[in-house]
Number of protein chains: 2
Amino acid sequence: MNISNREMLKHFNIKYSKQRDVIIDILKSYRCPLTAEQIYDDCRAAVENMSLSTVYRILNTFVDKGLALKTNLDVENKALFELNRHEHKHHLLCLGCSKIVQISSCPLKQYEKQIQEEMGYQIISHKLEIYGYCPECSKEIDNIVHDEEAHS
Amino acid sequence: MNISNREMLKHFNIKYSKQRDVIIDILKSYRCPLTAEQIYDDCRAAVENMSLSTVYRILNTFVDKGLALKTNLDVENKALFELNRHEHKHHLLCLGCSKIVQISSCPLKQYEKQIQEEMGYQIISHKLEIYGYCPECSKEIDNIVHDEEAHS
DNA sequence: GTGGGTGCAAAGGGTTTGCAGCAAG
DNA sequence: CTTGCTGCAAACCCTTTGCACCCAC
């Protein structure tokens, strides 16, 4: 990502502002989707008096213009935002520590074709979330189980 | 589904009430997930003075006890509720008419195993939504396209 | 200078909660 | 009789909106 924020905004036909600049910086610096609140918190370190509604307005503009993506995951009832890196991907969510990880492999191309034929639908897209325990949390669970066995 | 609502409540360890009875009736009678509001509307036909908060409270109880399922789909920012019929399934959503259809086939067992091995995660569940146009809406879109061709 | 972006506060939509009264066992 | 469910209204959280002001071009 060597393009300047100004160029990026111009490319997506969005006017420049300091606030937009800062939000692009924040989105660039994270590898995972963020809530508006998290972005807002980071903003306030950079811009005095930045308002949460501005964050929402900017994020919505970015999503409309295709610069950012908005995701609603089942576990949180807040929207998550991230830079649109034009990758098809899915999310792997840890039920223990709530960590969200990207998965880039996708097993669904063939399945979409099948649904298309079976159901007569014209398939446009899909969304897949996978829930489980990350290696660290899996380990902790193992430890608890072993403790319980030792005490019984 | 030949079990009475009373038996069903007892089985899930939930006390009987007229309101709970009515909501089970409603959930039984629909084949697709419903919003609290839709359930509420149906309730009011059956119970005088039924309150929306009661609907939410009952639905949350049902979900906690395993009698019902709650789904948050990307398109609506409302929760959807349905009877827990103990089927593994996914949803196919029409981008034209917002119709939601169940799919019972699932292509992900093998994929989950793969993720488990590659990422070291212990996979518990997944959620898949497929977006597209139903046969009727696809047809309408075709018509519009043909109209445009005819006029050009 | 002008159009559009911003801060602030207030409103919006879905959902939850506190409390007094009521119903089920 | 007692427990806990209900109705109502108010609160809650996330998100959007109205308006006056200000900034980028």
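For residues 55-78 of chain B, the side chain to side chain donor-acceptor pair (under 3.5 Å) pairs, not counting sequence neighbours, are A:Lys127-B:Asp74. Legend: side chain to side chain donor-acceptor pair (under 3.5 Å) pairs involving residues 100-110 of chain A, not counting sequence neighbours, sorted by first then second residue: A:Ser105-B:Tyr111.
In this structure, A:Met50 atom CE and C:dG5 atom C1' are separated by 11 Å, rounded to whole Å. As a whole-Å value, the separation of A:Glu48 CD from C:dT6 P is 17 Å. For the pair B:Asn5 CG and C:dA24 P, the computed distance is 15 Å after rounding to whole Å. If you take OH of B:Tyr40 and P of C:dG13, they are 16 Å apart, rounded to a whole angstrom.
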What pairs of donor and acceptor atoms, side-chain ones from residues 35-50 of chain A against any protein atom, are under 3.5 angstrom apart with sequence neighbours left out?
{"unit_1": "A:Thr35", "atom_1": "OG1", "unit_2": "A:Gln38", "atom_2": "N", "d": "3.1"}
{"unit_1": "A:Thr35", "atom_1": "OG1", "unit_2": "A:Gln38", "atom_2": "OE1", "d": "3.4"}
{"unit_1": "A:Gln38", "atom_1": "OE1", "unit_2": "A:Thr35", "atom_2": "N", "d": "2.8"}
{"unit_1": "A:Tyr40", "atom_1": "OH", "unit_2": "A:Arg44", "atom_2": "NH1", "d": "3.0"}
{"unit_1": "A:Asp42", "atom_1": "OD2", "unit_2": "A:Tyr30", "atom_2": "OH", "d": "3.0"}

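The two residues A:Cys134 and A:Cys97 make their nearest non-hydrogen contact at SG-SG, 3.9 Å. Between B:Cys94 and A:Tyr121, the closest heavy-atom pair is CB-CE2, 4.4 Å. Closest approach of A:Met8 and A:Leu67 over heavy atoms only: CE-CD2, 4.2 Å.
Taking A:Leu69 as the reference, A:Glu82, A:Asn84, A:Lys89 meet the side chain to side chain contact (heavy atoms under 4.5 Å, CB included) condition, with sequence neighbours excluded. Partners of A:Glu136 by salt bridge (Lys or Arg N to Asp or Glu O under 4.0 Å), not counting sequence neighbours, listed by chain and number: A:Lys99. Looking at residues two or more places apart in sequence or on another chain, you find no side chain to side chain donor-acceptor pair (under 3.5 Å) involving B:Gln116. Residues satisfying the side chain to side chain contact (heavy atoms under 4.5 Å, CB included) test with B:Glu7, not counting sequence neighbours, are B:Ile3, B:Ser4. The ring pair (Phe, Tyr, Trp, His ring centres under 6.0 Å) search around A:His91 returns none, not counting sequence neighbours.
For DNA chain D, the span of nucleotides reached by chain B at under 4.0 Å from its heavy atoms goes, 5' to 3', from D:dT3 to D:dA9.
More than 12 heavy-atom neighbours from other residues, nucleotides or ligands sit within 6.0 angstrom of NE2 on A:His88.
The shortest distance between the side-chain N/O atoms of B:Arg6 and the OP1/OP2 oxygens of C:dA24 is not below 4.0 Å. OP1 or OP2 of C:dC8 sits under 4.0 Å from a side-chain N or O of A:Asn49.
Annotation: the terminal axes of the helix from C:dG1-D:dC25 to C:dG25-D:dC1 meet at 30°, where each axis is the rotation carrying the C1' atoms of four end pairs onto the next four (5 pairs per end, rounded to 10°).
Non-hydrogen atoms lying under 4.0 Å from DNA chain D are contributed by A:Tyr16, all within residues 13-26 of chain A. For the segment residues 54-74 of chain B, the set of residues with a heavy atom within less than 4.0 Å of an atom of DNA chain D comprises B:Thr54, B:Arg57, B:Ile58, in numerical order.
No donor-acceptor pair closer than 3.5 Å links the side chain of A:Arg6 to the backbone N or O of A:Tyr16.
Counting any heavy atom pair closer than 4.0 Å across all strands shown, A:Ser53 reaches a base atom.
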